[in-house]
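Note: hydrogens, waters and symmetry copies are ignored here, and every other heavy atom, side chains too, is used. Numbers for residues simply follow the sequence, beginning at 1.
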Amino acid sequence: MDVLRTVDAMQNFSDAAMRAGKRVALVPTMGALHDGHLALVRRATEEADVVVVSIFVNPTQFAPGEDYDEYPRELDADREKLEPLDVDAVFAPPVSEMYPDAGSERMPGSLTWVDVERLDAHLCGAYRDNHFRGVTTVVAKLLHACKPDVAVFGRKDAQQFVILRRMVKDLLMDVEMIGVPTVREPSGLAQSSRNEYLSDAEREQAAVLYEAVTTAKARVKAGEQDPQALVRAMQNALQQAPDAQVQYAEVVDADTLQPVEHLESGQEILAAVAVFFGDTRLIDNAFMYVPEA
Ligand code: AMP
């Protein structure tokens, strides 16, 4: 498994794979790898001949005051987790490779951003200023650096996946986008690098996020037609955790990510929640189709 540190080295690696007629997959991550990331890697190995995992804690998707500095950086441990999985290369660039002008006097930051409009108006986008602009910009850069045929993401970050899929479509990028279902702990809690911040008591309570979105899914399956009733059911489930501070519980259309006023039969919707335990912010979601009447 090669560890590549520069964009040049990464592009040369992918060019060689392409010349050899190989299909390349990219799994973008910020490291601190857990079973959720490893599920994406396994899917990538099924989809392509050559698998690249990028590990880059992207400064432009963190707002001031968020956990950029504290975010776990564990490259050696991450490499050990990837070793048995048939990964061909890890792309782990320093910030100066991905943002060459950042901090320089002549050019204090990037001048070019990729911005997908409207899809960030609700859910996490309503609370995290410029977060998705940072995500779309870095993923566009990673796609140019790694030149994959296919890129694999987790549906755990549902809004991110829908926005990136739209970016690829709108910008005519020649890459297949795959969204892998969320990998969970036995309690139902979605695996997340941020779970490391939780106390034992918080971790136990954090299972309510999954309960909330599965409750919404069960209600839709049982014929519930009022999105507000789904929101109330999710809020009730979240309130079972005494230390949970709910940021949002929303039901939106799965493509436009706009709130839905009525559930249309056959429509795909997304029920999503974000909850703080202390300073730790957790998210979860469920995609679902409204049953045909
Ligand atoms: P991150 O390192 O948190 O930026 O995540 C990198 C990729 O892994 C993203 O596409 C995430 O959606 C995905 N991911 C994170 N947690 C999970 C999980 N529990 N199940 C599936 N995919 C996940």
Main chain of [Y], side chain of [X]: is a donor-acceptor contact present, judged purely on distance under 3.5 Å?
X      : Y      : value
Glu268 : Ala254 : no
Asp226 : Gln228 : yes
Arg118 : Thr256 : no
Lys217 : Met288 : no
Thr29  : Ser54  : yes
Ser14  : Cys146 : yes
Thr137 : Gly134 : no
Asp284 : Leu189 : no
Gln205 : Asp243 : yes

[X] atom [atom1], neighbour heavy-atom count above 12 within 6.0 Å:
X      : atom1 : answer
Arg166 : CZ    : no
Arg73  : CZ    : yes
Gln225 : CD    : no
Arg194 : CZ    : yes
Tyr68  : OH    : yes
Asp86  : CG    : no
Asn236 : CG    : yes
Gln235 : CD    : yes

Between [X] and [Y], is any pair of side-chain heavy atoms under 4.5 Å apart?
X      : Y      : answer
Val208 : Val275 : no
Asp115 : Thr136 : no
Asp2   : Val90  : no
Val220 : Ile269 : yes
Val7   : Pro93  : no

- Query: Are the charged groups of Lys147 and Asp15 less than 4.0 angstrom apart, N to O?
  - Reply: yes

- Task: Indicate yes or no: does Arg79 engage Glu83 in a salt bridge with an N to O separation below 4.0 Å.
- Result: no

- Where does the angle between the aromatic ring planes of Tyr127 and Tyr248 fall among parallel (under 30°), tilted (30 to 60°) and perpendicular (over 60°)? parallel

Value rounded to 0.5 Å, distance of [atom1] in [X] from [atom2] in [Y]:
X      : Y      : atom1 : atom2 : result
Asp279 : Gln245 : CG    : CD    : 11.0 Å
Asp200 : Glu202 : CG    : CD    : 9.5 Å
Gln159 : His122 : CD    : NE2   : 9.5 Å
Leu85  : Leu38  : CG    : CG    : 5.5 Å
Glu66  : Asp129 : CD    : CG    : 9.0 Å
Leu282 : Tyr197 : CG    : OH    : 11.0 Å

Consider only side-chain heavy atoms of I, L, V, M, F, W and Y, link residues closer than 4.5 Å, and tell whether [X] and [Y] are in one cluster.
X      : Y      : answer
Val53  : Leu75  : yes
Leu26  : Leu4   : yes
Leu230 : Leu238 : yes
Tyr289 : Val213 : no
Val231 : Val290 : yes

- Please step through salt bridge (Lys or Arg N to Asp or Glu O under 4.0 Å) for the pair Arg23 and Glu176, ending with a clear verdict. CA-CA 11 Å; Arg23 188 169 151 84; Glu176 184 187 339; 2.9 Å; yes

- Within 45° cone and under 6.0 Å: Arg5 NZ/CZ vs Phe13 ring: no

- Could you give me the CA-CA distance, side-chain angles and deciding distance for Phe56 and Val95, then say whether side chain to side chain contact (heavy atoms under 4.5 Å, CB included) is met? CA-CA 8 Å; Phe56 180 64; Val95 172; 4.0 Å; yes

Minimal non-hydrogen separation, [X] against [Y], with atom names:
X      : Y      : answer
Ala140 : Met173 : CB-CE, 3.9 Å
Cys124 : Ile283 : SG-CG2, 3.9 Å
Met30  : Ile55  : C-CG2, 4.2 Å
Lys22  : Asp149 : O-OD2, 4.0 Å
Gly21  : Asp49  : O-OD2, 4.3 Å
Ala32  : His37  : O-CE1, 3.7 Å

- Could you go through the salt bridge (Lys or Arg N to Asp or Glu O under 4.0 Å) check for Arg165 and Asp255 one step at a time? CA-CA 10 Å; Arg165 195 171 57 183; Asp255 283 319; 3.4 Å; yes

- Message: Test side chain to side chain contact (heavy atoms under 4.5 Å, CB included) on Val27 and Val52; report intermediate values, then the result.
- Response: CA-CA 6 Å; Val27 182; Val52 179; over 6 Å; no

- Query: So Arg133 and Val114, side chain to side chain contact (heavy atoms under 4.5 Å, CB included) or not? Walk me through it.
  - Reply: CA-CA 6 Å; Arg133 183 181 82 154; Val114 179; over 6 Å; no

- Message: Walk me through whether Arg42 and Glu46 qualify under salt bridge (Lys or Arg N to Asp or Glu O under 4.0 Å).
- Response: CA-CA 7 Å; Arg42 284 195 196 93; Glu46 288 165 15; over 6 Å; no

Verify the distance criterion only: is there a donor paired with an acceptor across the side chains of [X] and [Y] at less than 3.5 Å?
X      : Y      : value
Arg184 : Gln191 : no
Asp253 : Gln267 : yes
Thr60  : Asn58  : yes

- Message: Go through it in stages, so that I can follow the logic: the residues are Val57 and Phe62, the test is side chain to side chain contact (heavy atoms under 4.5 Å, CB included), and I'd like the CA-CA distance, side-chain angles, deciding distance and then a yes or no.
- Response: CA-CA 9 Å; Val57 184; Phe62 290 80; 3.9 Å; yes

